[in-house]
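Throughout, residue positions are numbered sequentially from 1 according to the sequence presented. These numbers come from the heavy atoms of this one structure, side chains and all, not from hydrogens, waters or symmetry mates.
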Amino acid sequence: MRFLRAHASGAVVALAATVAIACSKGSAGGPRTRPPPLVVVGKIIARDVPVEIRAPVDLRPIEQADVGSKTLGVLDTVFVDRGDHVKRGQMLALVRPSDLPDQLASARGALAQASASLALAQTNYDRARALAPSGVVSQQELQQAAAALATAQAAQAAGQAQVAGLAVRLGELRIESPMDGVVAARKLDPGAMVGLLSGATILTIARVDVMRVFITVIERDSPKVHLGQEAHVELDAMPGQSFVGKVMRMAPEIDPSTRTLDAEVQLRNEEGKLHVGMFGHGSIVVETHPHVAVVPAQAVQMSDGKAYVYVLTGDKVQRRAIETGVDAGTWLEVVRGIGEGDEVVTAGVDVLSDGSQVRVTRDVDPYSGKMAGPALSASAVPSAKRD
């Protein structure tokens, strides 16, 4: 703000000096008089000022998953690459197992043997049960046949479970996408060893049709933030654009080290304009100050911790103390001291004192010399942040 005032004041002082030299040259033989300083003034407007909590943010996917192989083996083929869009269940890669086919063949052989043993045990039990009433087979032999049948049934069930488990593991050699999304990273190429022992991630899949950001809220402002509140995100890569979302979640507790909590805001991204990692600033509207005066920052002087502006009265200026509220960087909310319709000096304040006579130029940009409209038009006031 000091730089803006110094720059603008310097421009006006230079302009005033040029006019003074021209006037002295035009008055041949007359006394040299210094004209009043030339200043730029603008009319104060009033408008609704939204108060926001602001914090730096970066875009993150709504969901993200690292995809790897549960089965130890060698990565045989990768069908997608970074940036490719994928669907849930789409095959992404194939893994060539190490000894899994041999284990499955052995398990199937054991299952066949268990099935044969079960058939024999069932035959022996049926025969013993048929002969037991006539006394040819004792009750002890019948019980032994029943026990052998139960053992054979258990062995067959175990064999079937082992074969089914190995078959599932073989099916897991087809690496499929867990969600609709985009390939965010490809970390391995064919020939790499994968599986539980290596713990390697083959691909990272991110869902980006919805993005989310986390806005840090300090402890004193946390009671003002609620689910469903409107939020805005401005990204450095897209100046002039504001993306609107809502507060969807809030952290359940305040971080004891920073005394802050995170509010999650979600943004729709069906068109794919937003990318993971984009940096910007997020803001949550917590309240609105209705119909208050706003003043450009370059019009305000600070002295002894108090704010002052120069108000035009006729051809003179009056130094007036003001109380400010919301500080948006380029403009300030004025709580008291001036009101709508007052004209304040927006450039040239550094050469003034209370009661100074001035020459006035209205609604001119002090940097470009172009007409700038009122001191602060309604469209020029963006959302604000709380002091």
Visitor: Which value, rounded to the nearest 0.5 Å, describes the distance between Met302 atom CE and Asp304 atom CG?
Guide: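 Rounded to the nearest 0.5 Å, the CE-CG separation comes to 9.5 Å.
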
Visitor: Side chain of Thr201, backbone of Leu203: donor and acceptor closer than 3.5 Å?
Guide: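 No, Thr201 side chain to Leu203 backbone: no donor-acceptor pair under 3.5 Å.
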
Visitor: Any non-hydrogen side-chain atom of Leu267 less than 4.5 Å from a side-chain atom of Arg212?
Guide: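 Contact flag for Leu267/Arg212 side chains = no.
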
Visitor: Any chance you could measure Ile215, atom CD1, to Leu261, atom CG, to the nearest 0.5 Å?
Guide: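 One finds 11.5 Å between CD1 of Ile215 and CG of Leu261.
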
Visitor: When you measure from the side chain of Asn269 to the backbone of Val208, do you find a donor-acceptor pair of N or O atoms at a distance under 3.5 Å?
Guide: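 Present.
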
Visitor: How would you list all residue pairs meeting side-chain hydrogen bond (donor to acceptor under 3.5 Å, both in side chains) that involve residues 305-317, not counting sequence neighbours?
Guide: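 Matches after skipping sequence neighbours: Asp315-Gln357.
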
Visitor: Report yes if the side chains of Ile44 and Val295 come closer than 4.5 Å at any heavy-atom pair, otherwise no.
Guide: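 Result yes, sub-4.5 Å side-chain heavy-atom pair found.
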
Visitor: Quick one: do Val233 and Val276 end up in the same hydrophobic cluster if we chain Ile, Leu, Val, Met, Phe, Trp and Tyr together by side-chain heavy atoms under 4.5 Å apart?
Guide: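 Yes, it is one cluster - the side chains of Val233 and Val276 are joined through contacts under 4.5 Å.
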
Visitor: Go through the steps for Arg259 and Glu219 under the test salt bridge (Lys or Arg N to Asp or Glu O under 4.0 Å), then give the verdict.
Guide: CA-CA 6 Å; Arg259 309 310 304 172; Glu219 184 175 3; 3.2 Å; yes

Visitor: Distance-only, no hydrogens or angles: does the Ser138 side chain make a donor-acceptor pair with backbone N or O of Glu141 under 3.5 Å?
Guide: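 Flag set: sc Ser138 to bb Glu141 pair under 3.5 Å.
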
Visitor: Applying the side-chain hydrogen bond (donor to acceptor under 3.5 Å, both in side chains) criterion to Glu340, which one of Lys43, His291, Arg47 satisfies it?
Guide: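 The single option meeting the side-chain hydrogen bond (donor to acceptor under 3.5 Å, both in side chains) with Glu340 is His291.
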
Visitor: Mind checking whether Gln64 and Ile205 have side chains closer than 4.5 Å, heavy atoms only?
Guide: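 Gln64 vs Ile205: side chains apart.
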
Visitor: Judged by atom type as modelled, is there a donor-acceptor pair below 3.5 Å linking the side chain of Gln241 to the main-chain atoms of Met238?
Guide: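 Between the backbone of Met238 and the side chain of Gln241 there is no qualifying donor-acceptor contact (under 3.5 Å).
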
Visitor: Does any non-hydrogen side-chain atom of Val41 lie less than 4.5 Å from one of Val317?
Guide: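 SC-SC contact between Val317 and Val41 ruled out.
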
Visitor: Could you tell me if Gln266 and Glu264 have a donor-acceptor pair between their side chains, going purely by distance under 3.5 Å?
Guide: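 Side-chain D/A pair, Glu264 to Gln266: present.
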
Visitor: Which of these, Leu352, Val309, Asp354, sits in a side-chain contact (heavy atoms from CB on, under 4.5 Å) with Arg319?
Guide: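 So the option named by the test is Asp354.
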
Visitor: If only atom types and distance count, is the side chain of Asp126 paired as donor or acceptor with the main-chain N or O of Thr123 below 3.5 Å?
Guide: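 A pair under 3.5 Å: no.
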
Visitor: Is Arg82 reaching over with its side chain to a backbone N or O of Arg186, donor-acceptor style, under 3.5 angstrom?
Guide: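 Not confirmed, Arg82 side chain does not pair with Arg186 backbone.
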
Visitor: Report yes if some heavy atom in the side chain of Val67 is under 4.5 Å from a heavy atom in the side chain of Ile202; otherwise report no.
Guide: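 Val67 vs Ile202: side chains apart.
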
Visitor: Would you please say whether a donor-acceptor pair under 3.5 Å links the side chains of Gln144 and Asn124?
Guide: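 Per modelled atom types, Gln144 and Asn124 side chains form no pair under 3.5 Å.
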
Visitor: Donor-acceptor pair, distance only, cut-off 3.5 Å: does the side chain of Asp209 make one with the backbone of Glu270?
Guide: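 The answer is no, because no donor-acceptor pair under 3.5 Å joins these two groups.
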
Visitor: Look up atom CD in Gln156 and atom CG in Leu111, then write down how far apart they are to the nearest 0.5 Å.
Guide: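 The distance works out to 6.5 Å.
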
Visitor: Looking at CD1 of Ile53 and CG of Asp221, how far apart are the two atoms once the value is rounded to the nearest 0.5 Å?
Guide: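 That separation rounds to 4.0 Å.
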
Visitor: Please examine the side chains of Arg60 and Val213, heavy atoms only from C-beta on, and report whether any two atoms are closer than 4.5 Å.
Guide: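 No, their side chains stay 4.5 Å or more apart.
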
Visitor: So which heavy atom on Gly348 is nearest to which on Val39, and how close?
Guide: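 Gly348 and Val39 have their closest heavy atoms at O-CG1, 4.1 Å.
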
Visitor: Hey, does the side chain of Thr204 reach the backbone of Asp66 with a donor-acceptor pair shorter than 3.5 angstrom?
Guide: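 Checked: no pair found.
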
Visitor: Would you mind reporting whether Arg359 and Pro35 have side-chain heavy atoms less than 4.5 Å apart?
Guide: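 Counting from C-beta outward, Pro35 and Arg359 do come under 4.5 Å.
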
Visitor: Without hydrogens or angle criteria, can the side chains of Glu234 and His232 be said to hold a donor-acceptor pair below 3.5 Å?
Guide: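 No pair is found: no donor N or O on one side chain lies under 3.5 Å from an acceptor on the other.
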
Visitor: Have Asp48 and Thr288 got a donor and an acceptor in their side chains that come within less than 3.5 Å?
Guide: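 Note: Asp48 and Thr288 side chains miss the donor-acceptor criterion.
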
Visitor: Hey, what do you get for CE (Met250) to CZ (Phe214), rounding to the nearest 0.5 Å?
Guide: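 It comes to 12.5 Å.
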
Visitor: Would you give the length of the straight line joining atom CZ of Phe279 to atom CG of Leu235, rounded to the nearest 0.5 angstrom?
Guide: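 Reported value, rounded in 0.5 Å steps: 10.0 Å.
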
Visitor: Quick check against the 3.5 Å criterion: does Gln90 have a side-chain atom that pairs as donor or acceptor with the backbone of Lys87?
Guide: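 Checking the backbone N and O of Lys87 against the side chain of Gln90, a donor-acceptor pair under 3.5 Å is found.
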
Visitor: Any side-chain heavy-atom pair from Val265 and Phe243 closer than 4.5 angstrom?
Guide: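 When only atoms from C-beta onward are counted, Phe243 and Val265 do not touch, as no gap falls below 4.5 Å.
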
